[in-house]
Trainee: 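Next up is a structure, given as structure tokens.
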Amino acid sequence: KISPNLNLLANGITSDLNVNYGIQINITAYETNNGDSDVVYGLYRNNVLVGGGDTADIALLAAGSYNYIYNSTEGQNYSSASLTRTVTVNKTIPNLHLYLDNLEGNLSAAYGNITNITGISDEGLVLKLIKNGAEIGNGTLLNEFSSLVAGNYTYMLLFEGNENYSASNVSYSLEIQKATPTLSLKL
């Protein structure tokens, strides 16, 4: 008996795969053996059958480690065999946006103006908006419209992390400058 010719590709390469969350993976398994009608081929992800024969597993996987095995049973002409690939899906960093009056950066404004603070992520994640260390809101789209007294304010947009995204934050300063009073003298 001879060893069967098995092929197991991870995104087109014949080695283990390391990707960030959000990247689709394509695990392709195929064989090139003649006279193997009595051999059964199977592709497994973490010991669960995902396909038989020439097959592929195309998926967007959660962050974690996945063990793929493509194996064959013994037949009249072929011995049993298997190939293994490990796919590691890493957490990714979310894209957070904190706008102070439509500017992603520090802002200086005069007293008496209404400021618009907006927080959002490209991924639609649940975030926290924090002003001077105190949480002032949470959700997928955060806004604060206010007329603040003169002083310095620090705003932080915080994502605490989940299965697929790493914890992340962005912060900017808002300075509200004292207004100059308008004086008039009437005689």
Side-chain angles (χ1 to χ4, degrees), residues 2-33 36 38-75 78-99 104-105 117-131 133-143 154-172:
I2 59 173
S3 295
N5 185 13
L6 302 178
N7 298 280
L8 184 56
L9 306 176
N11 282 10
I13 58 174
T14 58
S15 62
D16 293 342
L17 183 64
N18 193 337
V19 297
N20 287 333
Y21 173 75
I23 303 294
Q24 182 172 280
I25 59 112
N26 180 346
I27 306 299
T28 305
Y30 65 96
E31 51 83 18
T32 55
N33 305 302
D36 64 344
D38 60 341
V39 177
V40 176
Y41 299 92
L43 175 62
Y44 297 83
R45 181 193 331 138
N46 292 348
N47 297 317
V48 175
L49 181 67
V50 293
D54 293 348
T55 190
D57 184 31
I58 300 170
L60 181 62
L61 299 172
S65 184
Y66 300 87
N67 188 38
Y68 279 90
I69 299 173
Y70 185 50
N71 66 17
S72 66
T73 61
E74 184 176 339
Y78 294 96
S79 59
S80 62
S82 68
L83 287 176
T84 302
R85 299 282 178 264
T86 300
V87 173
T88 303
V89 179
N90 303 301
K91 288 184 177 187
T92 193
I93 298 170
N95 296 303
L96 305 181
H97 302 282
L98 178 59
Y99 300 97
E104 282 191 271
I117 311 302
T118 303
I120 193 168
S121 72
D122 291 349
E123 300 80 10
L125 301 168
V126 175
L127 310 168
K128 290 184 178 181
L129 184 59
I130 298 168
K131 178 171 67 177
E135 182 179 331
I136 59 172
N138 66 61
T140 57
L141 174 61
L142 302 165
N143 289 99
T154 300
Y155 284 89
M156 179 170 61
L157 186 63
L158 172 67
F159 175 67
E160 295 181 312
N162 66 16
E163 176 186 23
N164 298 315
Y165 293 96
S166 299
S168 184
N169 70 74
V170 61
S171 62
Y172 297 117

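When reading the values below, keep in mind they use all heavy atoms of this one structure, side chains included, and skip hydrogens, waters and symmetry mates.
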Trainee: With rounding to the nearest 0.5 angstrom, report the CG to CG distance, Asn7 to Asp54.
Mentor: 9.0 Å
Trainee: Would you indicate whether the side-chain heavy atoms of Leu127 and Ser121 approach each other to under 4.5 Å?
Mentor: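 Of all side-chain heavy-atom pairs linking Leu127 with Ser121, at least one is under 4.5 Å.
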Trainee: Looking at OH of Tyr30 and OG1 of Thr55, how far apart are the two atoms once the value is rounded to the nearest 0.5 Å?
Mentor: 13.5 Å
Trainee: Over all heavy atoms of both residues, which pair between Ala10 and Leu17 is shortest? Give the atoms and the distance, please.
Mentor: CB-CB, 3.9 Å
Trainee: I need the single residue from Leu98, Ile136, Leu142 that forms a side-chain contact (heavy atoms from CB on, under 4.5 Å) with Ile117. Which is it?
Mentor: Leu98
Trainee: Looking at Leu158 and Ile130, what are the two nearest heavy atoms and their distance?
Mentor: CD2-CD1, 3.9 Å
Trainee: Of the non-hydrogen atoms in Ala29 and Leu8, which two are nearest, and what is the gap between them?
Mentor: CB-CD1, 4.0 Å
Trainee: Before giving the answer on side-chain contact (heavy atoms from CB on, under 4.5 Å), spell out for Asn18 and Thr86 the whole-Å C-alpha distance, their side-chain angles and the decisive distance to 0.1 Å.
Mentor: CA-CA 8 Å; Asn18 193 337; Thr86 300; over 6 Å; no
Trainee: Determine the minimum heavy-atom distance between Tyr68 and Ile27, stating which atoms define it.
Mentor: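 Closest heavy-atom pair between Tyr68 and Ile27: CZ-CG1, 3.5 Å.
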Trainee: Report the distance from atom CE of Met156 to atom NZ of Lys131, rounding to the nearest 0.5 Å.
Mentor: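 Here the interatomic distance stands at 14.0 Å.
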Trainee: Are Ser171 and Asn169 linked by a side-chain donor-acceptor pair shorter than 3.5 Å?
Mentor: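 No, no side-chain donor-acceptor contact under 3.5 Å.
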Trainee: Taking C-beta and beyond as the side chain, do Glu104 and Val170 meet within less than 4.5 Å on heavy atoms?
Mentor: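 No; the side chains remain at least 4.5 Å from each other.
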Trainee: Under 3.5 Å, side chain of Asp16 to main-chain N/O of Val87, donor-acceptor pair present?
Mentor: no
Trainee: For the residue pair Leu60 and Gln24, what are the closest heavy atoms and their distance?
Mentor: CD1-N, 4.1 Å
Trainee: Tyr165 vs Phe159 aromatic rings, parallel, tilted or perpendicular, using cut-offs 30° and 60°?
Mentor: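 Rings of Tyr165 and Phe159: perpendicular, as their planes differ by over 60°.
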Trainee: Distance check, rounded to the nearest 0.5 Å: Asn46 atom CG versus Ser65 atom OG?
Mentor: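 These two atoms lie 7.5 Å from each other.
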Trainee: Roughly how far apart are Asn11 CG and Ile23 CD1, rounded to 0.5 Å?
Mentor: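 Asn11 CG to Ile23 CD1: 9.0 Å, rounded to 0.5 Å.
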Trainee: Starting from the C-alpha separation in whole Å, work towards a yes-or-no answer on side-chain contact (heavy atoms from CB on, under 4.5 Å) for Val40 and Asn71.
Mentor: CA-CA 8 Å; Val40 176; Asn71 66 17; over 6 Å; no
Trainee: State whether the side chain of Asp38 and the backbone N or O of Gly75 hold a donor-acceptor pair below 3.5 Å, judged by distance alone.
Mentor: no
Trainee: For Ser72 and Ser80, work out which heavy atoms get closest and say how close.
Mentor: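 In this case the closest contact between Ser72 and Ser80 is O-CB, 3.2 Å.
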Trainee: Can you tell me how far CG of Leu83 sits from CG of Leu9, rounded to the nearest 0.5 angstrom?
Mentor: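 Spacing of CG (Leu9) from CG (Leu83) equals 9.5 Å.
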Trainee: Does the Thr92 side chain pair with the main chain of Asn20, one donor and one acceptor, at a distance under 3.5 Å?
Mentor: no
Trainee: Closer than 3.5 angstrom, by distance alone: can the side chain of Tyr70 be matched with the main-chain N or O of Gly53 as a donor-acceptor pair?
Mentor: yes
Trainee: Start with the C-alpha distance between Asp122 and His97, add both sets of side-chain angles, then the distance that settles side-chain contact (heavy atoms from CB on, under 4.5 Å), and finish with yes or no.
Mentor: CA-CA 8 Å; Asp122 291 349; His97 302 282; 2.9 Å; yes
Trainee: Could you check whether any side-chain N or O of Glu123 sits under 3.5 Å from a backbone N or O of Asn95, counting only pairs where one atom can act as donor and the other as acceptor?
Mentor: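 Pair found, side chain donor or acceptor close to backbone of Asn95.
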Trainee: Mark yes when over 12 heavy atoms from residues, nucleotides or ligands other than Glu135 sit less than 6.0 Å from its CD; otherwise mark no.
Mentor: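 Yes, CD of Glu135 has more than 12 neighbouring heavy atoms, counting only those of other groups under 6.0 Å.
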Trainee: I'd like to know whether CG of Asn47 has more than 12 heavy-atom contacts from other residues, nucleotides or ligands below 6.0 angstrom.
Mentor: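 Atom CG in Asn47 is not packed in, count stays at 12 or less.
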Trainee: Give a yes-or-no answer on whether the side chains of Tyr66 and Asp57 include a donor-acceptor pair shorter than 3.5 Å.
Mentor: no
Trainee: Evaluate whether atom CD1 of Ile93 has more than 12 neighbouring non-hydrogen atoms of other residues, nucleotides or ligands under 6.0 angstrom away.
Mentor: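 It does not: Ile93 CD1 has 12 such atoms or fewer within range.
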Trainee: Okay, side chain of Asn90, backbone of Val19: is any donor-acceptor separation there less than 3.5 Å?
Mentor: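 Checked: pair present.
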Trainee: For Asn26 and Ile58, indicate whether the former's side chain and the latter's backbone hold a donor-acceptor pair under 3.5 Å.
Mentor: no
